[in-house]
There are 2 protein chains.
Amino acid sequence: MPATIRDIKEQTGLSLATISKYLNGGNVLPENKKKIEASIKDLHYEVNELARGLVTSKTRTIGIMVHNISSPFSGQILHYLTEALREKQYGVLICDSNNDEKLERENVKYLLGKKVDGIIVVPVTADPTFLDATFKKNVPVVLLDRTLSGGRFDCVKIDNRGAVVRAMQVLLNNRHTKIAIIASKREYTGRERYTGFGEAMKRAGLTMHKPYVKLGVHSLAWGYESMKELLAMKDRPTAVFTDNYEITLGAMMAINESGFKCPDDISVLGFDDNVIFHLIDPPVYMVKQPLKEMSNKAVELILGRIETGSLEMPMEISLGTTLVEGESVKKL
Amino acid sequence: MPATIRDIKEQTGLSLATISKYLNGGNVLPENKKKIEASIKDLHYEVNELARGLVTSKTRTIGIMVHNISSPFSGQILHYLTEALREKQYGVLICDSNNDEKLERENVKYLLGKKVDGIIVVPVTADPTFLDATFKKNVPVVLLDRTLSGGRFDCVKIDNRGAVVRAMQVLLNNRHTKIAIIASKREYTGRERYTGFGEAMKRAGLTMHKPYVKLGVHSLAWGYESMKELLAMKDRPTAVFTDNYEITLGAMMAINESGFKCPDDISVLGFDDNVIFHLIDPPVYMVKQPLKEMSNKAVELILGRIETGSLEMPMEISLGTTLVEGESVKKL
DNA sequence: CCGTAAAATCAAAACGTTTCGCTGCACAGC
DNA sequence: GCTGTGCAGCGAAACGTTTTGATTTTACGG
């Protein structure tokens with residue numbers, strides 16, 4: 001029912017090839033150009049992307065897989081990514097891996113089936129094999145926020161270790177020595193931040209007290225439970241570093257419910273800036289990631305690969321972070 | 001490079017038609033079935049969805065347009081929607097309207113260009129004409145959370161007025177009479193809730209005090225500024241109804257910063273449940289929407305339209321809400 | 001006015017499926 | 001032994017583009 005290039009051919013008397021050329025920005029005589037444009041308007045013609053995709057095997061669509069679509073982190077990342085891609089006339093096919101390795105594997109298959117031109121992924125799994133198929137099909141991949149071993153893919157992330165080492169100065173400068181950490185050990189970011197934490201402690205000449213180290217999963221519940229346990233200790237830590245948004249939130253909930261006061265009884269230093277943390281009492285001292293810059297860089301990288309077909313070595317880009325002051329750290 | 005149905009034809013000696021029939025679940029002789037399956041495995045064949053889509057003009061893809069992808073509401077909705085659609089083997093093309101009418105209009109065009117089989121939309125614009133094109137192209141649309149005038153589209157939402165009327169009982173039962181409202185007037189939900197608010201006041205024999213009515217936009221800032229103004233009044237309201245997540249959050253921020261205490265100095269009743277509101281001090285009394293049920297219903301509706309091609313009258317489904325108790329309302 | 005290079009146009013093939021209408025076969029009922 | 005019915009299978013056409021290599025038109029210097 002909708003008009004095709006063939007209808008335009010009938011109306012203008014030109015050949016398919018010429019019309020196609022016009023549609024793709026080629027040179028046609030001004031006179032013919034006029035005819036074609038008039039005909040397009042008259043017939044309400046729009047190109048059928050499916051047919052075009054079939055012959056070019058390009059769809060101008062990027063697949064995006066996020067670890068968990070309902071986290072605020074994903075919300076912001078998706079906002080920036082879709083904005084940047086839209087600007088370049090690319091569409092996005094979004095998948096939620098829901099922190100599930102099996103689903104993540106399926107998502108890759110699904111996206112390749114949809115013939116996306118490239119994939120941006122915030123990975124759940126540490127094992128990079130789930131992306132093998134993209135390699136075979138020559139579909140470029142850019143990792144976001146978390147890298148994978150093997151160095152086979154471009155990656156945009158932040159310098160997690162460095163960020164934590166610097167942030168820890170805040171606690172150290174305020175003379176904290178009994179410092180705990182609540183982190184996720186399942187993800188790259190959590191492990192990196194834990195490493196940074198260890199480094200900072202070591203440099204300060206402090207030793208890590210085993211019961212103060214709470215490595216678990218990326219969830220509000222883990223932050224909540226861990227903080228409860230820390231607060232219940234006879235020998236309470238004076239400060240806690242919390243790995244991410246969900247854990248920080250859970251930890252603050254635990255403190256608020258417990259009767260203890262932050263920062264009087266316990267100080268908190270968090271990761272992942274969010275407007276929430278300016279609201280709650282007290283405002284939390286946080287490490288803030290440059291989400292917009294990360295997103296833009298990821299888009300730039302993947303479009304570079306797609307449009308130049310570049311096979312250069314994958315590059316890993318680490319962006320810097322900033323510190324957002326709060327009132328959750330007490331001077332001892 | 002990837003194997004096609006033609007390669008299978010060569011290997012099995014069968015015709016294209018037979019192989020296609022098999023791929024689409026038709027009956028073939030057990031013997032041939034074996035041959036085809038062996039060949040598929042051998043060649044790593046997978047159907048080219050682009051080619052299939054070209055001839056069937058179905059893509060098994062649903063377009064989803066949300067008013068603002070970085071809001072927690074969208075995050076949750078998207079999570080449930082993608083989950084339900086994935087289960088039915090449908091993919092999703094997600095667009096962020098970013099609260100921008102122009103972008104919303106473009107998104108419709110974009111999705112239709114991508115030949116989606118249907119569109120689920122949380123609309124920004126009140127004027128339904130931006131969806132006209134879907135009508136012409138026979139692409140079913142389901143509205144989510146907000147309906148549009150004209151009654152031309154299926155819609156899944158909650159009973160906003162009723163929810164507010166019932167929620168207001170909490171304030172009324174606690175003998176509040178000086179009640180303010182901070183709401184967005186740009187969206188359907190805000191206007192409906194405002195109407196419900198008015199109804200509840202009227203039924204209780206109370207009159208709305210103009211300065212207590214803050215109708216503005218759906219943003220943290222509006223909630224924040226409005227609450228500041230309310231607090232600055234000589235004749236302060238004793239309670240405030242806040243329309244949505246962002247406004248409630250902003251309002252709580254304003255209270256916390258102002259030196260006033262909730263609920264001692266001012267009570268708050270909010271809309272949109274979120275884990276945040278259990279954390280902050282005090283936990284907020286809230287109306288909670290059944291997001292999962294809403295999402296599932298929307299998927300059910302749109303797949304029904306697509307798969308049966310039904311042209312029945314559009315239906316509007318209103319689901320009920322629940323009340324989540326908090327400590328933000330004071331008994332007078 | 002001719003010859004030639006460059007630019008514009010053309011017809012036809014290709015992309016990988018599904019679908020249409022037809023043929024051939026086996027089997028049942030009379 | 002004939003007719004009728006139903007099922008698998010088949011070849012060919014269709015879906016709406018882009019691309020290729022050949023051909024025509026244009027422009028221009030000599």
Side-chain angles (χ1 to χ4, degrees), chain A residues 1-37 39-40 43-61 89 91 112-117 137-138 307 309, chain B residues 1-37 39-40 43-61 89 91 112-117 137-138 307 309:
Chain A
M1 208 63 201
T4 77
I5 216 177
R6 235 174 209 99
D7 300 321
I8 298 188
K9 168 187 161 136
E10 300 307 328
Q11 221 176 58
T12 60
L14 296 167
S15 77
L16 297 183
T18 307
I19 300 165
S20 172
K21 194 177 175 192
Y22 165 83
L23 289 174
N24 293 287
N27 271 335
V28 295
L29 290 182
E31 174 200 344
N32 292 334
K33 189 169 167 179
K34 277 236 171 77
K35 275 199 216 164
I36 296 177
E37 281 167 354
S39 186
I40 286 180
L43 298 170
H44 301 292
Y45 169 80
E46 2 185 302
V47 333
N48 181 325
E49 306 264 6
L50 246 39
R52 175 181 277 178
L54 178 58
V55 25
T56 61
S57 51
K58 287 262 169 272
T59 56
R60 285 195 91 81
T61 303
Q89 324 264 37
L112 291 177
K114 285 290 182 188
K115 302 271 181 280
V116 295
D117 296 344
K137 302 211 172 179
N138 237 5
E307 289 173 357
Chain B
M1 209 61 203
T4 78
I5 217 177
R6 237 172 208 101
D7 299 322
I8 298 187
K9 168 186 160 137
E10 301 306 330
Q11 222 175 58
T12 60
L14 296 166
S15 78
L16 296 184
T18 307
I19 300 166
S20 172
K21 195 175 173 192
Y22 165 84
L23 289 174
N24 293 287
N27 269 336
V28 295
L29 291 182
E31 174 200 345
N32 291 334
K33 190 169 166 177
K34 278 236 171 76
K35 273 198 216 165
I36 296 176
E37 281 167 353
S39 186
I40 286 179
L43 297 171
H44 301 292
Y45 170 81
E46 3 186 303
V47 334
N48 182 324
E49 307 264 7
L50 246 39
R52 174 180 278 176
L54 177 57
V55 25
T56 60
S57 50
K58 287 265 169 272
T59 54
R60 285 196 92 80
T61 303
Q89 323 265 36
L112 291 177
K114 286 291 180 187
K115 302 274 181 279
V116 295
D117 296 343
K137 303 211 171 179
N138 237 4
E307 291 175 357

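A quick note: this is a predicted structure, and the numbers were derived from the prediction, not measured. Below, each value reflects all heavy atoms present in this structure, side chains not excepted, and no hydrogens, waters or symmetry copies. So that the names make sense, note that chain A is the first sequence line, chain B the second, and so on, each numbered from 1.
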>> For DNA chain C, please output the secondary structure as dot-bracket, reading 5' to 3'. Pairs are Watson-Crick or G-U wobble, both atom distances under 3.5 Å; mark crossing pairs with [ ], other-strand partners with |, unpaired with a dot.
In response: ||||||||||||||||||||||||||||||
> With A/Glu46, which residues qualify under salt bridge (charged side-chain N to carboxylate O under 4.0 Å, His left out), at least two apart?
Replying inline: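 A/Glu46 satisfies salt bridge (charged side-chain N to carboxylate O under 4.0 Å, His left out) with B/Lys137 only.
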>> Per the side chain to side chain donor-acceptor pair (under 3.5 Å) rule, what does the pair list look like for residues 8-19 of chain A, sequence neighbours excluded?
In response: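 Passing the test, one end in residues 8-19 of chain A: A/Gln11-A/Ser39, A/Gln11-A/Asp42, A/Ser15-A/Thr18.
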> Which letters describe nucleotides 21-27 of chain D, given B = protein heavy atom under 4.0 Å from base, S = only from sugar-phosphate, - = neither?
Replying inline: -------
Can you tell if the side chain of [X] reaches within under 4.5 Å of the side chain of [Y], non-hydrogen atoms only?
X	Y	value
A/Leu23	A/Ile36	no
A/Asn48	A/Thr4	no
A/Gln89	A/Arg60	yes

Taking only residues two or more places apart in sequence or in another chain, which ones pass side-chain hydrogen bond (donor to acceptor under 3.5 Å, both in side chains) with [X]?
X	result
A/Lys114	B/Thr61
B/Asp117	B/Thr59
A/Tyr22	A/Glu37

Please list, for nucleotides 13-17 of chain C, all pairs of protein and nucleotide N/O atoms separated by less than 3.5 Å.
{"residue": "C/dT17", "atom": "OP1", "partner": "B/Tyr45", "partner atom": "OH", "Å": "2.9"}
{"residue": "C/dT17", "atom": "OP1", "partner": "B/Asn48", "partner atom": "N", "Å": "3.3"}
{"residue": "C/dT17", "atom": "OP2", "partner": "B/Ile5", "partner atom": "N", "Å": "2.8"}
{"residue": "C/dT17", "atom": "O5'", "partner": "B/Tyr45", "partner atom": "OH", "Å": "3.1"}

> Could you go step by step and tell me if B/Asn24 and B/Ser20 meet the side-chain contact (heavy atoms from CB on, under 4.5 Å) rule?
Replying inline: CA-CA 6 Å; B/Asn24 293 287; B/Ser20 172; 3.5 Å; yes
>> Going by the rule side-chain contact (heavy atoms from CB on, under 4.5 Å), which residues pair with B/Thr56 if we only count those two or more places apart in sequence or in a different chain?
In response: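 With sequence neighbours excluded, B/Thr56 shows a side-chain contact (heavy atoms from CB on, under 4.5 Å) to B/Arg52, B/Lys58, given in chain and number order.
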> So what does A/Leu14 hit on the nucleic acid, given a heavy-atom distance under 4.0 Å: a base, only sugar-phosphate, or nothing?
Replying inline: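 A/Leu14: backbone/sugar contact only, no base atoms under 4.0 Å.
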> Rounded to the nearest Å, what distance is computed from the CD1 atom of residue B/Ile36 to the C1' atom of nucleotide D/dA8?
Replying inline: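 Those two atoms, CD1 and C1', are 11 Å apart.
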